[in-house]
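Values in this document were obtained by computation on a predicted structure and should not be read as measured data. Order of the sequence lines fixes the chain letters, A, B, ..., with proteins taken first and strands second; residue numbering starts at 1 for each chain.
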Amino acid sequence: MTETIETVRVSVKVNGEEAVRDVEPRRQLVDFLRHDLGLTGTHVGCEQGVCGMCTVLFDGEPIKSCLMLAPQADGHEITTVESLNGEELHPLQRAFKEHHGLQCGYCTPAMLMTALALGRRGVPLDREQLEEELAGVLCRCTGYQKIYDAVESYLAETAGSGGTA
Amino acid sequence: MKPAPFVYERAGSVEEALAMLQRYEGDARLLAGGQSLVPLLNMRLLMPSAVIDVNDVPGLDEIREEGDEVAIGALTRYSRIEWSPTLVSRLPLLTETVRYVGDRQVRTRGTLGGSLAHADPTGEMPLAAIALGATVVVQSQAGRRAVPAEEFFLGPYYTVLEPEEMVVEVRFPVRRTVSAIAEHARRHGDFAVISVAAVGEPNGDGGWKSVRVALGGVADTPILAVEASALLSGTSLEPDVVARAGEMALAAADPPTDVRASADYRRHLIPIYVRRTLELLQTRRSEGAR
Ligand SMILES: Cc1cc2nc3c(=O)[nH]c(=O)nc-3n(C[C@H](O)[C@H](O)[C@H](O)COP(=O)(O)OP(=O)(O)OC[C@H]3O[C@@H](n4cnc5c(N)ncnc54)[C@H](O)[C@@H]3O)c2cc1C
Ligand code: FES
Ligand code: FES
């Protein structure tokens, strides 16, 4: 059986670059990023909004990209973990390295993106609030404490620079 | 798990969305925050022939003060509610309650209207709407109707909404009240095991002119504890009155057993959380807060 499914044009800015693709409406944003654009830094876990692995920034705010249809991103800006790529480690990556904020690394892209948005929001947080802000991403390795340490130190660092680091 | 195929429609206005709903004759789903709909699509628990995206409808996400009411558009996101200076001062129960919903990512996208329409019996926004005596404004091509929040929910994931209707806004009365919520969840941000919200109007002599107590997670829908509220109104929330109110709330509940807790455990929690919520209400009043 060959069923023709109508596609929808999606034109989206990903990490500052324009991307245009025709996709089926049922394409999840996370699959659009990974399969259509080849950006496999964003991970997939549950595909039902629970694990947080697929966290990316949508117009600067953290969302779970398995809960967004690709056509919904049309005309919007997406930021993925690939945006941190550079000659040197990004200050956030450096904080994770210094504080041992990762083991297997599966949750790391999502943790980084959630923390990046927190840094940009620039609101001071105590440890408990920080834990709540990161609660949308599960980690099965670290026991979280070292992730909190890493993000705490990153936020302290960016507080001085107006969240631009 | 990937959704079954569907047609994607983007509505540019409420009228357009309503015309589409009418055209698909009950076989289309509105897409708001997608935090409940998309998991259901992904798991193929829902296979509508069309999804009508209302995220681009202008003006559907406004928070407006109108006399002694605050009107909140259906598409208003949780994070907007959480951070709205208007709501912090006018409806602090909403800004407090919304922090119990999901996690940061869920609150970036999820909406007030979607939460009410989804009608999770443990949902925090439905609970707050009932506790605050809100009115849900519903529209179809035939016109608008206003439904009191207490009458809006019919069962788990089931409301008075007709297939061709949508929620356009929710109106909250604003009075000089004190409010409180207490929730039991397996961890912060998880769906509630039970939750209790209370809104009280203080009178001059240290007592309470009126108290409304609502409970989530203890029945097919969030409920207003009518008898307990009547008992508490006009009292000073003396410990024996609070204990009796807890028993009345327990009698009004019919809690389910599910993956999060047994019905027995929920029954055990009801009087405890009614007491905690009312104690918090009293404390807040004496602190002059809220
Ligand atoms: C990990 C996770 C944790 C969560 N935790 C909680 C929690 O602790 N407490 C809680 O209450 N919820 C929780 N939720 C659910 C969340 O609150 C949803 O946002 C909410 O249930 C639905 O709102 P939405 O805007 O995302 O609606 P959608 O998912 O877009 O829609 C849900 C339903 O409502 C319909 N609908 C949407 N808008 C309208 C409208 N204006 N008029 C008529 N029908 C409409 C849709 O057609 C659909 O049937 C959680 C979700 C996730 C993924
Ligand atoms: S893959 Fe688990 S939340 Fe998206
Ligand atoms: S480092 Fe392995 S899941 Fe977090």
Side-chain angles (χ1 to χ4, degrees), chain A residues 3-10 23-31 35 44 46-76 110 113-115 117-118 121 123 125 128-138, chain B residues 1-12 28-29 31-56 77-80 82-83 98-111 114 118 185-191 259:
Chain A
E3 200 182 350
T4 52
I5 298 168
E6 256 189 80
T7 59
V8 179
R9 171 135 311 173
V10 178
V23 299
E24 279 186 39
R26 60 173 161 165
R27 195 75 158 157
Q28 295 160 11
L29 178 60
V30 66
D31 289 340
H35 303 309
V44 204
C46 65
E47 298 190 314
Q48 46 182 285
V50 179
C51 72
M53 292 309 111
C54 60
T55 300
V56 300
L57 305 189
F58 177 81
D59 294 337
E61 291 192 82
I63 65 156
K64 293 173 182 170
S65 58
C66 70
L67 296 189
M68 183 175 277
L69 305 173
Q72 292 186 267
D74 185 60
H76 292 272
M113 298 323 282
T114 313
L118 271 183
R121 206 166 96 206
V123 184
L125 301 169
E128 198 185 332
Q129 290 168 320
L130 176 67
E131 291 176 13
E132 276 176 28
E133 291 292 333
L134 296 175
V137 185
L138 301 182
Chain B
M1 290 160 291
K2 310 294 176 190
F6 51 78
V7 177
Y8 174 79
E9 303 265 18
R10 187 178 291 142
R29 285 282 173 157
L31 172 60
Q35 303 302 293
S36 295
L37 180 62
V38 180
L40 293 170
L41 293 174
N42 289 354
M43 292 184 272
R44 298 199 181 196
L45 291 171
L46 280 180
M47 292 192 274
S49 52
V51 166
I52 303 169
D53 186 354
V54 293
N55 283 281
D56 289 337
R77 315 238 178 236
Y78 297 132
S79 57
R80 278 279 306 286
E82 190 175 345
W83 296 326
V98 81
R99 299 210 176 93
Y100 288 93
V101 180
D103 46 52
R104 174 56 55 212
Q105 288 87 328
V106 169
R107 298 205 291 278
T108 301
R109 294 301 296 168
T111 69
H118 186 62
R186 292 203 303 191
R187 65 171 202 154
H188 185 93
D190 262 3
F191 288 92
V259 291

Region of [X] that comes under 4.5 Å of a non-hydrogen atom in chain A:
| X | result |
| --- | --- |
| L40(B) | neither |
| R187(B) | side chain |
| M1(B) | both |

For the atom pair CG (L37(B)) and CG (L45(B)), what is the distance rounded to the nearest 0.5 Å?
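One gets 11.0 Å once the value is rounded to the nearest 0.5 Å.
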Backbone N/O of [Y] and side chain of [X]: donor-acceptor pair under 3.5 Å:
| X | Y | answer |
| --- | --- | --- |
| R29(B) | M47(B) | no |
| R77(B) | R109(B) | yes |
| S36(B) | H118(B) | no |
| R44(B) | P3(B) | yes |

Relative to chain B, which segment of [X] carries a heavy atom at a distance below 4.5 Å: side chain, backbone, both, or neither?
| X | value |
| --- | --- |
| E133(A) | both |
| L69(A) | side chain |
| Q72(A) | both |

Using a 4.5 angstrom heavy-atom cutoff, name the option from E131(A), Q48(A), R26(A) with the most pairs to chain B.
R26(A)
Heavy atoms only, distances under 4.5 angstrom: which of V51(B), L31(B), V7(B), V106(B) has the most pairs with chain A? Name it, please.
L31(B)
Least distance between heavy atoms, L67(A) atom then Q35(B) atom
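Closest approach of L67(A) to Q35(B): CD1-OE1, 3.2 Å.
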